[in-house]
2 protein chains.
Amino acid sequence: MSTSFAEENYLKIIYRLSESNPNEISTNEVAEMIQTKAASVSDMLRKLSEKGWVNYQKYQGVRLTDKGQKIALSIVRKHRLWEFFLVEKMGFNWDQVHDIAEQLEHIESEELINKLDEFLGFPKVDPHGDPIPNKDGVIPDLGYQLLSDCKPNTTCTLMGVAQDSTVFLQLVTKLDLKLGSKLNLIEINSFDRSISVSIEGQTPVFISHEVAKNILVKII
Amino acid sequence: MSTSFAEENYLKIIYRLSESNPNEISTNEVAEMIQTKAASVSDMLRKLSEKGWVNYQKYQGVRLTDKGQKIALSIVRKHRLWEFFLVEKMGFNWDQVHDIAEQLEHIESEELINKLDEFLGFPKVDPHGDPIPNKDGVIPDLGYQLLSDCKPNTTCTLMGVAQDSTVFLQLVTKLDLKLGSKLNLIEINSFDRSISVSIEGQTPVFISHEVAKNILVKII
DNA sequence: ACAAATTTTTAGACTTGTCTAAATTTTTCT
DNA sequence: AGAAAAATTTAGACAAGTCTAAAAATTTGT
Ligand SMILES: [Mn+2]
Ligand SMILES: [Mn+2]
Ligand SMILES: [Mn+2]
Ligand SMILES: [Mn+2]
């Protein structure tokens with residue numbers, strides 16, 4: 001069965017929300033992520049359910065079925081491979097590629113995406129450190145954790161970001177954070193949950209909790 | 001003003017039809033090319049006209065305005081650059097790329113297409129010999145003519161094809177015709193307008209008028 | 001010139017996906 | 001438990017783009 005752009009976007013969003021929430025996803029969460037009204041989401045969830053791509057009980061939230069998960073993973077795979085292509089081959093910066101990839105992820109050609117994967121050298125992660133599902137939908141487990149979940153006195157390496165929006169990535173860049181940066185978490189300031197971090201041994205800077213919970217690190 | 005996929009497809013088709021017909025394009029011609037009903041075309045022409053992209057008088061056919069032509073050329077540019085990319089970088093055959101390019105031509109990013117152009121080395125023609133408009137919409141005039149318009153005893157080189165459909169290209173390949181083939185037009189058979197052609201000096205073969213009028217050649 | 005054939009347009013319906021406003025269900029709070 | 005608040009669904013409308021059937025305009029043929 002073929003999928004419309006709208007359906008693909010819903011499945012992808014439900015998948016992304018499920019990554020950080022093992023339970024049912026609520027209508028409102030989807031609405032906020034997809035930038036639409038809850039009424040529209042209710043309607044679409046009913047349709048996705050009829051197609052067998054989600055399990056959905058009125059008022060009880062939604063979950064992907066195996067079929068739905070498979071579709072979602074193929075969209076995520078395309079999105080991340082195209083982002084890698086845009087940065088590595090087209091020379092874009094990491095904060096410029098998400099919106100273009102939002103369009104490219106809907107191009108329908110299994111053969112193209114596999115050839116692209118090969119052309120790019122089968123990359124494991126996209127320019128934001130997010131894992132790229134392989135042809136069979138298997139995602140390499142990278143074992144990263146959120147900077148906001150680390151304890152004081154932790155040393156870690158910045159491995160990725162949990163958001164690709166231009167505003168967020170430009171702020172991260174302004175803070176002089178990049179993939180591979182060595183971070184030393186000095187302390188967590190209880191007042192606002194901001195954290196003091198030394199980047200590459202420099203004098204510590206403040207990073208808001210909002211930012212920290214979108215930074216993926218590997219503890220050394 | 002932004003353009004929908006449907007609008008872009010209409011503008012592109014009107015442009016393509018105008019290439020071989022300097023007069024107004026009829027509703028039915030558009031309908032046949034775009035695989036839709038004449039009623040739908042009428043409706044869309046009215047809308048395109050309101051947006052200032054075509055000149056359209058009821059019952060009198062349609063023409064692109066300068067604005068419309070500019071949009072059409074940008075779609076054609078994207079289509080042909082992506083086709084080149086698919087053949088040269090992804091390793092597809094020339095008969096496999098048209099349908100994928102039909103999707104890719106709607107990706108909206110001026111910056112991407114210019115970077116792609118550069119990445120590909122500013123190609124002048126696509127894999128089917130069709131000229132690629134440059135950034136400013138200027139098309140190199142290649143001075144090709146249709147094989148069906150040649151006189152007997154002409155020697156020429158196959159420079160392109162006037163159609164990208166898979167069925168057509170596979171037939172052309174089966175006939176052992178490729179870009180660059182040296183052709184010697186022996187005679188035109190008046191009964192069915194088929195032509196006898198020697199390819200690369202081989203024993204002559206028959207080529208139907210239908211095929212010949214989709215083959216672009218340069219006379220030597 | 002004028003009837004017949006052909007082309008084109010209009011009218012009305014349908015699908016997808018969205019919205020607002022109102023109704024319903026669930027959750028929270030006393 | 002029961003009221004109030006919050007979340008969710010339903011109802012009805014709308015826009016884009018398509019379709020069929022019918023009407024209107026144009027072209028063709030004698
Ligand atoms: Mn992204
Ligand atoms: Mn990404
Ligand atoms: Mn093509
Ligand atoms: Mn082509």
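Labels below follow one simple rule: chain letters A, B, ... track the order of the sequence lines, proteins then strands, and each chain is numbered from 1.
Nearest-nucleotide mapping onto DNA chain C: of A:Tyr59 and A:Asp43, the residue sitting toward the 5' end is A:Asp43. Heavy-atom distances to DNA chain D give each of B:Lys51 and B:Ala39 a nearest nucleotide, and the one nearer the 5′ end belongs to B:Lys51.
A side-chain donor-acceptor contact under 3.5 Å links B:Ser194 and B:Asn189. Donor-acceptor pairing under 3.5 Å is lacking for the side chains of A:Thr173 and A:Gln170.
For the pair A:Glu8 CD and C:dG17 P, the computed distance is 11 Å after rounding to whole Å. At whole-Å resolution of the value, CD in A:Gln35 and C1' in C:dG17 are 16 Å apart. Remark: C1' of C:dT9 and CZ of B:Arg46 are 10 Å apart, rounded to the nearest angstrom. Atom CD1 in B:Ile25 sits roughly 16 Å away from atom P in C:dT7 (whole-Å rounding). With rounding to whole Å, A:Phe5 atom CZ is found 14 Å from C:dT16 atom C1'. Put simply, CD1 on B:Ile34 is 11 Å from P on D:dC19, counting in whole angstrom units.
Figure legend: cation-pi geometry between A:Lys89 and B:Phe119 absent, as NZ or CZ is not positioned both under 6.0 Å from the six-membered ring centre and within 45° of its axis.
The side chain of A:Tyr56 contributes no N or O atom lying less than 4.0 Å from OP1 or OP2 of D:dT8. A:Ser26 has no side-chain polar atom (N or O) that falls below the 4.0 Å cut-off from OP1 or OP2 of D:dA7. Using a 4.0 Å cut-off, some side-chain N or O of B:Asn28 falls inside it from OP1 or OP2 of C:dT8. The phosphate of D:dG17 has neither OP1 nor OP2 within less than 4.0 Å of any side-chain N or O from B:Thr36. OP1 or OP2 of D:dT10 sits under 4.0 Å from a side-chain N or O of A:Lys58. Proximity of A:Lys37 to the phosphate of C:dT20: a side-chain N or O atom is located under 4.0 Å from OP1 or OP2. For B:Tyr10 and D:dA16, the shortest distance from a side-chain N or O to OP1 or OP2 is not below 4.0 Å.
Among the protein residues, B:Ser40 comes within range of the nucleic acid bases, having at least one heavy atom under 4.0 Å from a base atom. When heavy atoms are screened at a 4.0 angstrom cut-off, A:Ala38 is found touching base atoms of the nucleic acid.
In the set D:dT26, C:dT9, D:dT9, D:dT26 carries the atom at the smallest distance from any side-chain atom of B:Gln60. Of the candidates D:dT18, C:dT18, C:dT8, the closest approach to any side-chain atom of B:Ser42 belongs to C:dT8. For B:Glu7, taking side-chain heavy atoms from C-beta onward, the closest of the listed nucleotides C:dT10, D:dG17, C:dT18 is D:dG17.
The six-membered or imidazole ring of B:Phe85 lies near that of A:Phe85, with a centre-to-centre distance under 6.0 Å. Taking the six-membered ring for Trp and the full ring otherwise, the centers of B:His98 and B:His79 sit less than 6.0 Å from each other.
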